[in-house]
Number of protein chains: 2
Amino acid sequence: MPCRKGCGPQWWHGKVKDCGYRITAGREAIIEALSSTHDHLSAEDVYARIHDKYPNVGLTTIYRTLDMLVNLGLVFKFDFGDGKARYELTEGPKGAHHHHHLVCTGCKRVIDYTDFIDDEVELLRRTEKGLSDKYRFRIDNHLIQFYGTCTECLAK
Amino acid sequence: MPCRKGCGPQWWHGKVKDCGYRITAGREAIIEALSSTHDHLSAEDVYARIHDKYPNVGLTTIYRTLDMLVNLGLVFKFDFGDGKARYELTEGPKGAHHHHHLVCTGCKRVIDYTDFIDDEVELLRRTEKGLSDKYRFRIDNHLIQFYGTCTECLAK
DNA sequence: CTTATTTCTGGAAATGATTTCCATTAAACA
DNA sequence: TGTTTAATGGAAATCATTTCCAGAAATAAG
Ligand SMILES: [Mn+2]
Ligand SMILES: [Mn+2]
Ligand SMILES: [Zn+2]
Ligand SMILES: [Zn+2]
C-alpha cells in the first residue's frame, strides 16, 4: 500500500540515503525522467522533460544530481561524440539492464543491444579477472561501443 | 634513401594525399608528436609538445588537423571523462598496435593493455559478425574501456 | 622556374556545455 | 516545531572547441 503522501519510497532511496544524501523533489524528478525512457538523455533533455511538471528545478541542479548519481553508480555517463554528455540509468526498479552500444558515426544514432553472445559475458568476466590481477586494479564497470554505419546511412 | 629536403615521405602521406589533403609542416609536426609517445594527448598537449620546434603552428590548426585525422581513421579520439578530448594514433609506421584501456575513476590515470587481446579479438570478431548481421550495421571500429580504481587509489 | 589556383593557416572573437558562487530554501531529525 | 546542514536556482564565470576571415603556403599549370 502506498504511503499517504503520493507514492511510497523508491527503489533508489536506500542507496542515496545511505550515502548521506537527501531525497528531494528535484532528485525524484530526474530519476523519474531517466526511468521513463531508454533514450540517452543530455542534461538539457532531462531539463526539458521535467520542466512542465517541476518548473522550479534548475539546470544546475540537474547537472549536480546527474553527477552525484554517476558517483553513486546509479547512472552511467556516456560520450557519443556530439559535444554533450548523455546519461542512462544503470539499473531500474526491476534491477540492472546492462547493455552495450552501436554508434553510427554518420547520423550519431545509437542502438542499444543486450543480446550478448553467450561467450561475451564469459570472456568479459575472464578478462576483468585477468586484468585486475595483473594490474592490481579493481574493475567496477566497463564500456563497450561499436562504431560504424547504420542501415539508413548505408543506403545513401 | 631519403629525398634531398630532410626526411623522405612518411607512411601516412599516401592516405592524406589520396583524400585530397595537402602535406604541411603543421601536419607533419602533429603526427610526429603523436608518433613519439604512448600518452593520450589533448589538443593542448600536442600544442605544448610542438611549440618549441614549430612556434608558428596555432592551436586552431591542431584542432582542425586532429579532426581531419580522426575522419581519415589515422587517429582515435577518446573521452576519459576529464573534460578534454584525447587523441592517439591508430597505427604507426610499423602498423597498428591496437589496445584497450583501464581507466581509474579516482585519479583519471589510464593504462593501456594488450593482454588478453587475442581472446578478446576472437570474441570481438564473432560479436561484430552477429551484430552487423542482426542490425544491418557496418562496424568499423570499437571502443573498450574498463573503469575502476588503480593500485595507488586503492591504497588510500 | 613562374604564375595561377585553391587549400591551409593563425589569431581574435564567438560559442556552448558545464561549473562556480552565494544568498535563500527545505530535508532530516530530535 | 525548531535547529542544523545539505540542497537549490539563477547569474556569472570557465574553458574546450569552433567560427571567421584576411594573409600565407602548397600544388597544379604553363
Ligand atoms: Mn543505451
Ligand atoms: Mn591508449
Ligand atoms: Zn546512421
Ligand atoms: Zn587512480
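Computation of the quantities below employed the complete heavy-atom set of this structure, encompassing side-chain atoms and omitting hydrogens, waters and symmetry-equivalent molecules. Note on naming: letters A, B, ... go to the chains in the order of the sequence lines (proteins, then strands), and numbering restarts at 1 for each one.
Distance alone, capped at 3.5 Å, places no donor-acceptor pair between the A/Arg27 side chain and the A/Thr65 backbone. No donor-acceptor pair closer than 3.5 Å links the side chain of B/Thr37 to the backbone N or O of B/Leu34.
For DNA chain D, the neighbouring residues in residues 62-71 of chain B, judged by any heavy atom under 4.0 Å, are B/Tyr63, B/Arg64. Only B/Arg22, B/Ile23, listed by number, bring a heavy atom of residues 16-23 of chain B to less than 4.0 angstrom from any atom of DNA chain D.
Annotation: salt bridge (charged side-chain N to carboxylate O under 4.0 Å, His left out) contacts involving residues 65-84 of chain A, sequence neighbours excluded, comprise A/Asp82-A/Arg86.
No continuous path of hydrophobic side-chain contacts links A/Ile139 to A/Phe76 [ILVMFWY only; heavy atoms under 4.5 Å].
Rounded to whole Å, atom C1' of C/dT19 lies 17 Å from atom NZ of A/Lys84. Look at CZ on B/Arg27: it is 14 Å from C1' on D/dA24, rounded to the nearest Å. When rounded to the nearest whole Å, the span between CZ of B/Phe80 and P of D/dA16 equals 17 Å. A straight line from CD1 of A/Ile31 to P of D/dA7 spans 14 Å, rounded to a whole angstrom. In this structure, B/Ile50 atom CD1 and C/dT9 atom P are separated by 11 Å, rounded to whole Å. Rounded to whole angstrom, the span from the CG atom of B/Asp79 across to the C1' atom of D/dT17 amounts to 14 Å. As rounded to whole Å, 11 Å separates atom P of D/dA16 from atom CG of B/Asp45. D/dT17 atom P lies 14 Å from atom CG of A/Asp82, rounded to whole Å.
No option in B/Tyr147, B/Tyr113, B/Phe78 other than B/Phe78 meets the ring pair (Phe, Tyr, Trp, His ring centres under 6.0 Å) test with B/His101.
In summary, the aromatic rings of B/His100 and B/His98 are positioned with their centroids under 6.0 Å apart.
Open room surrounds NE2 on A/His38; 12 or fewer heavy atoms of other groups in view lie less than 6.0 Å from it.
Of all non-hydrogen atoms in A/Val16 and A/Arg22, the two that sit nearest each other are CG1-O, 4.1 Å.
Nucleic acid contact for A/Ala85: sugar-phosphate only, since backbone atoms but no base atoms lie under 4.0 Å from a heavy atom of the residue.
Checking the phosphate oxygens (OP1, OP2) of D/dA6, no side-chain nitrogen or oxygen of A/Thr24 falls inside 4.0 Å.
Between A/Asp45 and A/Arg49, none of the side-chain N atoms (NZ, or NE/NH1/NH2) sits under 4.0 Å from a carboxylate O, so this pair counts as no salt bridge.
Side-chain atoms of B/Thr60 lie closest to C/dA12 of the nucleotides C/dC21, D/dA16, C/dA12.
Summary of the strand contacts: B/Leu59 and B/Ala25 both lie near DNA chain D, and taking for each the nucleotide with the nearest heavy atom, the more 5' one is attributed to B/Leu59.
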